[in-house]
Amino acid sequence: MSNALLKRESVKRVPPAQWEASDWTWQDLLTLCKPRVVVVMLVCALVGMALATPTLPSLAVMVYGLAGIGMAAGGAAAFNHVVDRRLDAMMLRTSQRPLATRRMPTPLALIWASLLSVAGISLLLWQVNALTAWLTLGSLIGYALIYTAFLKRATPQNIVIGGVAGAAPPMLGWTAVTGQLGPEPLLLVLIVFAWTPPHFWALAIHKRDEYARAGVPMLPVTHGEAFTRLQVWLYGWLTVAVTLLPFAIGMSGAVYLIGVMVLNLRFMYWNWKVWRGADPQAPLAAFWFSIRYILGVFGVLLLDHYAGLWAFT
Ligand code: HEM
Ligand SMILES: CC(C)=CCC/C(C)=C/CC/C(C)=C/COP(=O)(O)OP(=O)(O)O
């Protein structure tokens with residue numbers, strides 16, 4: 001697509017919403033936190049915590065760790081709403097968000113995002129450990145500032161680089177328990193990192209026209225749909241390869257291997273459908289399956305961990 005078409009001037013905005021700045025509800029404060037995304041991240045963090053210890057993580061680490069990571073991730077998401085408020089208003093999918101409709105004043109969202117972020121990082125510093133707090137702060141800045149304010153508008157590789165921030169939660173869970181990094185938590189990051197392109201680009205294919213109209217240089221906009229479909233297929237294979245590593249390095253056992261192979265078969269079935277491009281419904285279906293897939297991968301990691309422990313007791 002030519003640069004001219006990417007110019008914001010050519011954007012046909014969705015009709016302006018008829019809202020007053022005082023029409024916001026308490027529910028909107030939750031919406032700003034992207035709660036469903038954060039919940040899946042917390043599941044990954046919880047599995048990271050469990051894998052870090054042969055016994056159960058302490059209740060305090062689980063409660064304070066998940067609360068701190070959750071608040072920081074919610075705060076990062078709220079910053080994303082603030083930075084993207086004009087962009088969100090241009091896309092149908094995001095046009096009803098509290099700031100996009102202008103029903104919530106931006107300063108209020110900014111205060112909410114700051115409060116959550118400071119509370120989350122402080123809780124981790126105070127009750128968990130410094131390493132987890134600083135790594136969480138790095139992810140927060142990586143998503144809210146580096147991805148949202150810069151990369152998203154600058155390059156079709158935005159989500160690949162920005163994906164590092166979103167992939168951090170299992171590592172944050174691990175360091176919350178151990179206070180140190182190691183190959184295992186980095187491998188868990190690698191799994192989510194490799195999964196992010198098939199997860200997002202499948203949706204981006206489906207929403208290509210909206211991104212184009214809003215002038216966001218997502219891969220299907222800049223390099224076309226066929227190239228993006230190929231990338232979904234290739235990153236899908238990379239994800240499959242990376243998910244086999246926990247078994248290969250002896251971190252997980254047969255329960256994980258069997259479970260992840262079943263999940264990978266289904267994951268690659270959808271990625272193949274996307275790659276073929278014959279079914280126009282496939283990209284959206286692949287996107288939704290990608291969420292069940294990542295939950296499934298972390299689910300079988302957990303199952304295998306405790307199945308292994310029970311086998312030895
Ligand atoms: C930079 C990395 C990522 C990008 C660009 C991305 C992008 C997106 C987008 C655009 C949506 C649609 C949101 C909506 O329509 O409300 C979405 C949904 C979702 N994402 Fe991601 N995502 C990323 C990383 C992650 C990660 C790491 C997780 C969890 C581990 C995750 C979990 C989800 C979930 C659960 C949804 C569904 C939300 C709902 O039901 O409304 N995403 N993602
Ligand atoms: C501290 C920590 C773990 C931070 C991670 C923060 C976090 C909630 C990341 C979410 C990833 C995501 C949904 C990206 C999409 O943003 P987008 O702006 O491209 O999508 P949108 O158009 O739906 O807003």
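Counting convention: from 1, in listed order, for ligands and their atoms alike. Since we're looking at a predicted model, the values are computed, not measured.
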Chemist: So, 4.0 Å and heavy atoms of Trp201: is ligand 1 close enough to count as a contact?
Modeler: no
Chemist: Return the option from Val192, Ile159, Val160 holding the heavy atom at the smallest distance from atom 5 (C) of ligand 1.
Modeler: Ile159
Chemist: Under 2.8 Å from atom 21 (Fe) of ligand 1, which protein N, O or S atoms do you find? Ignore water molecules.
Modeler: His199 NE2
Chemist: Is the gap between the ring centers of His206 and Phe287 under 6.0 Å?
Modeler: no
Chemist: Could you identify which residues cluster with Ile111, counting Ile, Leu, Val, Met, Phe, Trp and Tyr as linked when any side-chain heavy atoms lie under 4.5 Å apart, either directly or through a chain of such contacts?
Modeler: Leu115
Chemist: What residues, two or more places apart in sequence or in another chain, satisfy ring-ring contact (aromatic ring centres under 6.0 Å, His included) together with Phe227?
Modeler: His223
Chemist: Ligand 2 and Asp88, any nitrogen or oxygen pair closer than 3.5 angstrom?
Modeler: no
Chemist: Measuring from non-hydrogen atoms of Tyr147 to any atom of ligand 2, is the shortest distance under 4.0 Å?
Modeler: yes
Chemist: Between Tyr293 and Phe267, is the ring-ring contact (aromatic ring centres under 6.0 Å, His included) condition met? List the steps.
Modeler: CA-CA 7 Å; Tyr293 170 83; Phe267 184 56; 4.0 Å; yes
Chemist: Report, as yes or no, whether the 6.0 Å neighbourhood of atom CZ on Arg276 holds more than 12 heavy atoms from other residues, nucleotides or ligands.
Modeler: no
Chemist: Is there a heavy atom in Arg97 that sits closer than 4.0 Å to ligand 2?
Modeler: yes
Chemist: Which pairs pass salt bridge (charged side-chain N to carboxylate O under 4.0 Å, His left out) with one or both residues in residues 217-234, sequence neighbours excluded?
Modeler: Glu225-Arg229
Chemist: Answer with yes or no whether Met91 contacts ligand 2, where contact means a heavy atom under 4.0 Å from a ligand atom.
Modeler: no
Chemist: Could you tell me whether ligand 1 has any atom less than 4.0 Å away from a heavy atom of Tyr147?
Modeler: yes
